[in-house]
Enquirer: 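Sharing a structure here in structure tokens format.
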Amino acid sequence: MDDTVAALLDRLKTRRNRWNGHTLRAEFAADPDRFDRFSVAFDDILFDYSKTHVDAETLALLVELAEAADLIGWRERKLSGDAINTTERRAVLHTALRDRSRRAIHLGDQDVAADVASVLAHMEDFTDAVRSGGIRGATGEAFTDVVNIGIGGSDLGPRMAARALSPYRDGGPRVHYVANVDGADLADTLATLDPARTLFLIASKTFTTLETMTNAASARAWIAGQLGEAAVPDHFAALSTALDKVAAFGVRADRTFGFWDWVGGRYSTWSAIGLSLALSIGFRNFSAFLDGAADMDEHFQTAPLDRNIPVLMGMIGAWYRDAWDYRTLAVLPYDQRLEHFPAFLQQLDMESNGKRVTRDGVPVSVPTGPIVFGEPGTNGQHAFYQLLHQGTDVVPCEFLVACQPHETLEGDHHAKLVANCLAQAEALMRGRTEEEARAQMLASGMSATEADRLAPHRTFPGDRPSTMLMYRKLDPRTLGRLVALYEHKVFVQGVIWNINSFDQYGVELGKELASVLLGAVAGGEPLTASDGSTAGLVARYRAMRGEA
Ligand SMILES: O=P(O)(O)OC[C@H]1O[C@](O)(CO)[C@@H](O)[C@@H]1O
């Protein structure tokens, strides 16, 4: 890590001491303008960070840190197509997938904008034809169901977005997502489907991933078994960079949607990998989703650092991770249709920034990415919020909430939802002192002895930080903005930590060992290199199946 960056991180650690014996609650009491000073709006999205331990001086230090880490330079290098994924020697150009200005970028002989436009046009034609019944299955039936077979980045983004934007389906096909190699995933999905009306999308950047290839082979066998081998080409499309492997699987060229090695898996929803989403919500809505991301790209590129939402989110996260040693991050959407957003962010954040060496391969000197988890509110309130409020670990929280619902139900669902969201953030920050807890119990008529006994249990330490993203409505454009916002946030943190956010070697060792173990698990081949525990478990597994 650069000396200036390290010195600034040290100054931030010292700055943290300002909060010893001082609380956010006191800060709000002393500063009636705190919300205005520590919130920023970008069109329909408001980012409120006034409930974090940021003050004017800390904000200035965080901006200085971003500048010292050369965030602006890295942002430019990324956009220009430099190979900033240094380990894999690849450009990182997912922003080009939604760049409506079609800014010219050439990678060697490749005209990136032209290639993106051509695949998008193909996706649009296909989407329109499937949705209108122009493209049908082998028996002449229109497609009512689309099954995306993919995992990781080839699953989580489109799955999350299709659920989030389900009100925009407008007669489009139902979309299903099969990821797990556990046969239960595919079998349970197939049980609900009519093969004559089902279209499969095999989504895999590499077209080698064990889970996806296993599920694709079984889906292919299911169609061949139900409709005959000749029906297979009519019921499959593929989304991949590995066009030769797609052809070998038997997918027709006109059903093949390509993308490129400069699109990372977890950043690929904007590419052909988003086809299931486009089929679900129609291409016009898919375009609005891309436009929303482009809006956020523009904001990230042009807004001053201290008014730049992804920069602020990234820097605040880095401040809590490095100066406060907070190890986790809860993402809490008060928006049921964002139920898959935490899982999507787990891959985006943890696969990107779960790194222990710098770009130069030396151990990092500060903690990197947090453990990300979350659930939609209000459900999470009845599960793990106890720990958020009274546990021994402080968990910074990111709340998300829409101002307008899609529903027009009787009753006050949305007002109750929003009241709960705001209340949780307030409760985490404000807390309740032991005196307040005791006074409340006495006021309710409880005896002094009982109030004394219960007071420690009913005390909330408070001063627990959270941010709030409040947006008008979860429509395609806003979802595009939110997803791009988090992409940039993760990038910002990778720059501060001087790590490569765009490789994922950490997933490989387990995959390699699984392929070694498969022979022993499935066929009883001798285990030569495994430890005693693994060998014992394999033996037990085979014995339980009567195969030993
Ligand atoms: O799209 P593919 O090549 O099947 O890969 C799926 C996922 O596997 C990973 O390589 C590792 O989990 C992810 O980065 C990727 O999104």
Side-chain angles (χ1 to χ4, degrees), residues 84-94 97 119 123 147-162 177-182 185-186 200-220 236-249 251 256-277 340-356 368-369 371-372 483 486-487 490-491 494 499-515:
I84 65 163
N85 176 353
T86 44
T87 46
E88 297 177 317
R89 300 186 198 283
R90 287 179 184 163
V92 176
L93 275 175
H94 47 271
L97 298 167
V119 173
M123 287 169 69
V147 182
N148 185 86
I149 295 179
I151 198 164
S154 299
D155 166 74
L156 291 163
R159 182 197 291 259
M160 175 277 295
Y177 292 86
V178 171
N180 202 330
V181 75
D182 183 343
D185 201 2
L186 180 64
F200 290 94
L201 309 180
I202 309 172
S204 176
K205 180 174 171 179
T206 56
F207 230 70
T208 57
T209 304
L210 168 105
E211 293 88 340
T212 303
M213 291 302 107
T214 305
N215 281 322
S218 297
R220 190 186 196 289
F236 280 85
L239 330 169
S240 185
T241 60
L243 305 185
D244 50 339
K245 294 191 176 72
V246 169
F249 183 88
V251 177
T256 301
F257 300 83
F259 60 109
W260 310 273
D261 71 358
W262 42 262
V263 182
R266 50 195 175 273
Y267 301 90
S268 63
T269 312
W270 323 99
S271 72
I273 291 293
L275 187 61
S276 59
L277 174 64
H340 300 313
F341 201 56
F344 167 74
L345 288 185
Q346 281 177 328
Q347 189 199 16
L348 180 64
D349 200 321
M350 294 166 79
E351 198 165 82
S352 296
N353 287 343
K355 307 286 163 67
R356 52 180 289 285
T368 60
I371 297 162
V372 179
V483 175
Y486 273 92
E487 288 179 350
V490 166
F491 171 71
I499 54 179
N500 179 4
S501 299
F502 300 103
D503 60 15
Q504 55 284 319
Y505 292 109
V507 303
E508 282 181 10
L509 178 58
K511 282 190 202 173
E512 283 165 26
L513 293 183
S515 76

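Both ligands and their constituent atoms are indexed starting at 1 by order of listing.
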Enquirer: Identify, by atom number and element, the atoms of ligand 1 in contact range of Ile151, meaning under 4.0 Å from any of its heavy atoms.
Expert: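 Answer for ligand 1: 6 (C), 7 (C).
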Enquirer: At a 4.0 Å threshold, what atoms of ligand 1 neighbour a non-hydrogen atom of Gln504?
Expert: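 Answer, ordered by atom number: 14 (O).
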Enquirer: With a 4.5 Å limit on heavy-atom distance, are the side chains of Tyr177 and Ile149 in contact?
Expert: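 Counting from C-beta outward, Tyr177 and Ile149 never come under 4.5 Å.
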Enquirer: Less than 4.5 Å apart, side chain to side chain, heavy atoms only: is that true for Leu156 and His340?
Expert: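 Counting from C-beta outward, Leu156 and His340 never come under 4.5 Å.
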Enquirer: Could you tell me which residues satisfy side chain to side chain contact (heavy atoms under 4.5 Å, CB included) with Asn353, sequence neighbours excluded, listed by chain and number?
Expert: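 Checked Asn353 against side chain to side chain contact (heavy atoms under 4.5 Å, CB included); matches are Asp349, Val490, Gln493, Trp497, Ile499, Ser501.
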Enquirer: Is the contact between Thr206 and ligand 1 made by the side chain, the backbone, both, or neither, using heavy atoms and a 4.0 Å cut-off?
Expert: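 Both of them.
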Enquirer: Looking at non-hydrogen atoms alone, which of Lys205, Lys511, Glu211 comes nearest to atom 8 (O) of ligand 1?
Expert: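 Considering heavy atoms of Lys205, Lys511, Glu211, the nearest to atom 8 (O) of ligand 1 sits in Lys511.
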Enquirer: In terms of atom number and element, which parts of ligand 1 are under 4.0 angstrom from non-hydrogen atoms of Ser154?
Expert: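 Near Ser154, the atoms of ligand 1 are 1 (O), 2 (P).
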Enquirer: Scan residues 259-276 for pairs that pass salt bridge (charged side-chain N to carboxylate O under 4.0 Å, His left out), counting only residues two or more places apart or in two chains.
Expert: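 Non-adjacent pairs meeting salt bridge (charged side-chain N to carboxylate O under 4.0 Å, His left out): Arg90-Asp261, Arg266-Glu351.
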Enquirer: Could you check whether any side-chain heavy atom of Thr256 comes within less than 4.5 Å of a side-chain heavy atom of Phe249, counting everything from C-beta outward?
Expert: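 Result no, sub-4.5 Å side-chain heavy-atom pair not found.
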Enquirer: Any atoms of ligand 1 less than 4.0 Å from a non-hydrogen atom of Glu351? List them with their elements.
Expert: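 Matching atoms, with element in brackets: 11 (C), 12 (O), 13 (C), 14 (O).
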Enquirer: Atom 11 (C) of ligand 1: which protein heavy atom is closest, and how many Å away?
Expert: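 Among all protein heavy atoms, the one nearest atom 11 (C) of ligand 1 is Val507 CG2, 3.6 Å.
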Enquirer: Does NZ or CZ of Arg220 come closer than 6.0 Å to the centre of the six-membered ring of Phe200, within 45° of the ring's axis?
Expert: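 No, a cation-pi geometry is absent between Arg220 and Phe200.
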Enquirer: Under 4.0 Å from a heavy atom of Gly153: which atoms of ligand 1 are those, numbered in the order shown and with their elements?
Expert: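 Counting atoms of ligand 1 from 1, those under 4.0 Å from Gly153 are 15 (C), 16 (O).
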Enquirer: In terms of atom number and element, which parts of ligand 1 are under 4.0 angstrom from non-hydrogen atoms of Thr209?
Expert: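 Within the 4.0 Å cut-off of Thr209, ligand 1 contributes 2 (P), 3 (O), 4 (O), 5 (O).
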Enquirer: Do Phe341 and Tyr486 have ring centres separated by under 6.0 Å?
Expert: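 Aromatic pair counts; centres sit under 6.0 Å.
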